[in-house]
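In what follows, a structure is listed as structure tokens, so that the remarks can point back to it.
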Protein chains: 2
Amino acid sequence: MREGPDIARIASLVGDPARANMLNALMGGTALTASELALEAGVSLPTASSHLSKLMEGGLLTLASQGRHRYYGLASAQVAGMIEAIIGVAEAVGPKRVRPGPRDAAMRVARVCYDHLAGEQAVAMLDRLFDRKLLLREDNQIRLSSAGVSHFSALGIETHVKARRPVCRACLDWSVRRSHLAGTLGAAILDKIIAERWARREKDSRAVVFSPTGRQAFERVFLS
Amino acid sequence: MREGPDIARIASLVGDPARANMLNALMGGTALTASELALEAGVSLPTASSHLSKLMEGGLLTLASQGRHRYYGLASAQVAGMIEAIIGVAEAVGPKRVRPGPRDAAMRVARVCYDHLAGEQAVAMLDRLFDRKLLLREDNQIRLSSAGVSHFSALGIETHVKARRPVCRACLDWSVRRSHLAGTLGAAILDKIIAERWARREKDSRAVVFSPTGRQAFERVFLS
DNA sequence: GGAATGCTTCGATGAGGATCGAACCATGCG
DNA sequence: CGCATGGTTCGATCCTCATCGAAGCATTCC
């Protein structure tokens, strides 16, 4: 019976609609203030504050104080991955959504997942990186090949960073139901896509929209 | 507030301790009956039934009716993956390693699981029965060999009983995370252990405590 | 056909927790 | 300093939902 990690505690934190909305809003990767999150969740400020302290105590959020502003963000990419997994199940079992609007379609193609790219484009990219032997599957992990190191280095992405966070990690995609690339490399690639202005983020959405020329550039570099 | 898939609904399903325990018990892939899940979750049968219907309605479980038995199992590998992700976060976030008390330790060694033996002893026993070719793995099922039939018959355990319930079944052990033996044979072995007074059940607990001589006898018969 | 077993439904009870207004801190501005 | 703004804490209210006993179905055994 009572054994192992307290999974019910974590799940019940996500299980409240107000908190779920907050976490969903934070999946965009940018930290938000309590007021913004209250608005996002549709609750009053005191209520939001109460929820935020619970999420903090549960270890799902981090807090950065800047002056009189307090920015809340997801605690880790692992937490983001868990939320993606829950979203995936919710999508799968809730086929009641008859009309996948244009915004949903855009989300399906490419979107931000915490700090890296997700969606069809991201899944295709990971496939190609495997095909080109720039990344290698090892057990259930992903490893950079030496060819991959020099390849990304040529793109201005340094992969030798010493960090506790893994360089490569697989993250399950809820729309495609296959893995895309997370980890510091996944984050760096998203950074490059935005920095090169290949794509821009939709306002108030996790969707990522490529420009025509940007898409060509992205395909040339990562999908060729 | 944006409208996405109902993630709170899914998460809240997992967020109840009783339901979380049930799902955890089902993580091994073997389907279990409502009674077994009630025991596993530590709730009454009506309560368990209520939870199970909610999990069914939420699309997290599948149901296979066999006669008057109804076996519940996880709906998909995607659901299992989601639970794994939640477990991962819970482990990362809950570094409060609770010292397992003496009763928990006893539970870990040997306990009753519905009507058969579970725990380290039970897992070791199943391993040895495979080693000695008394039981055979077939796909995901377990089958008695002819040597096994005569072996158990010599012990006074008749394995030719005509019953709808399978003679051998694998049951996932939460403490060892590996399978032990359920089914009528598993039940008969537990009966023998109790009848021979090799061990007795703790009061108000699922723990099974062997006597010194009883342990020797058990090891000679099942672990040699 | 009973009788037994496995499971679900019903009804009543109770506890946890989500919510908001108001009051209370803290920081920044003039 | 006073005042405004961003956030948290407190208290009271309300409501959902988990829980179990008892009764009701369904299936199988004898």
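Proteins come first, then strands; the chains are lettered A, B, ... in the order of their sequence lines, and each starts at number 1. The model shown is predicted, which means the values in this text are computed figures rather than measured ones.
- Using a 4.0 Å heavy-atom distance criterion, B:A18 is classed as a sugar-phosphate-only contact.
- Using a 4.0 Å cut-off, some side-chain N or O of A:S35 falls inside it from OP1 or OP2 of D:dG7.
- OP1 and OP2 of D:dC17 both lie 4.0 Å or more from every side-chain N or O belonging to B:H51.
- Put simply, CE on B:M22 is 13 Å from C1' on C:dC7, counting in whole angstrom units.
- Put simply, B:K54 has no side-chain N or O that comes within less than 4.0 Å of OP1 or OP2 on D:dC17.
- Residue A:T33 is in sugar-phosphate contact alone, with no base atom involved, counting any heavy-atom pair closer than 4.0 Å across all strands shown.
- Using a 4.5 Å heavy-atom cutoff, the side chains of A:L26 and A:L61 are in contact.
- Closest to the side chain of A:P46, out of C:dC7, C:dT19, C:dC20, is C:dC20.
- When distances are taken from the side chain of A:L45 to each of D:dT19, D:dG21, D:dG7, the shortest belongs to D:dG7.
- OP1 or OP2 of D:dT8 lies within a sub-4.0 Å distance of a side-chain N or O belonging to A:R70.
- Per the geometry, CG belonging to B:L55 stands 14 Å off P belonging to D:dC17, to the nearest Å.
- Residue B:R9 contributes atom CZ, which lies 14 Å from atom C1' of D:dC17 at whole-angstrom precision.
- Atom CD in B:E57 sits about 14 Å away from atom P in C:dT8, given to the nearest Å.
- Inter-residue side-chain proximity for B:L134 and B:F222 is flagged as unmet; no heavy-atom pair is nearer than 4.5 Å.
- The CG-P distance, from A:D16 to C:dG16, rounds to 17 Å in whole Å.
- Formation of a donor-acceptor pair under 3.5 Å by the A:R19 side chain with backbone atoms of A:V14 is not found in this model.
- Side chain of B:R19, nearest nucleotide from C:dC7, D:dA18, D:dG7: D:dA18.
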Derivation of the salt bridge (Lys or Arg N to Asp or Glu O under 4.0 Å) call for B:R220 and B:E196: CA-CA 14 Å; B:R220 177 166 34 79; B:E196 298 275 1; over 6 Å; no

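- In this structure, CG of A:L32 is placed 15 Å from C1' of D:dG7, rounded to the nearest angstrom.
- Rounded to whole Å, the distance from CG on B:L52 to P on D:dC20 is 14 Å.
- Here D:dT8 presents its P atom at 10 Å from CG of A:L37, a figure rounded to the nearest Å.
- Residue B:T47 has a polar side-chain atom (N or O) positioned under 4.0 Å from OP1 or OP2 of D:dC20.
- A heavy-atom distance below 4.5 Å is found between the side chains of B:L74 and B:L23.
- Among the protein residues, A:Y71 comes within range of no part of the nucleic acid, since none of its heavy atoms lies under 4.0 Å from any strand.
- For A:V43, the side-chain atoms get nearest to C:dT19 when compared with the rest of D:dT8, D:dA18, C:dT19.
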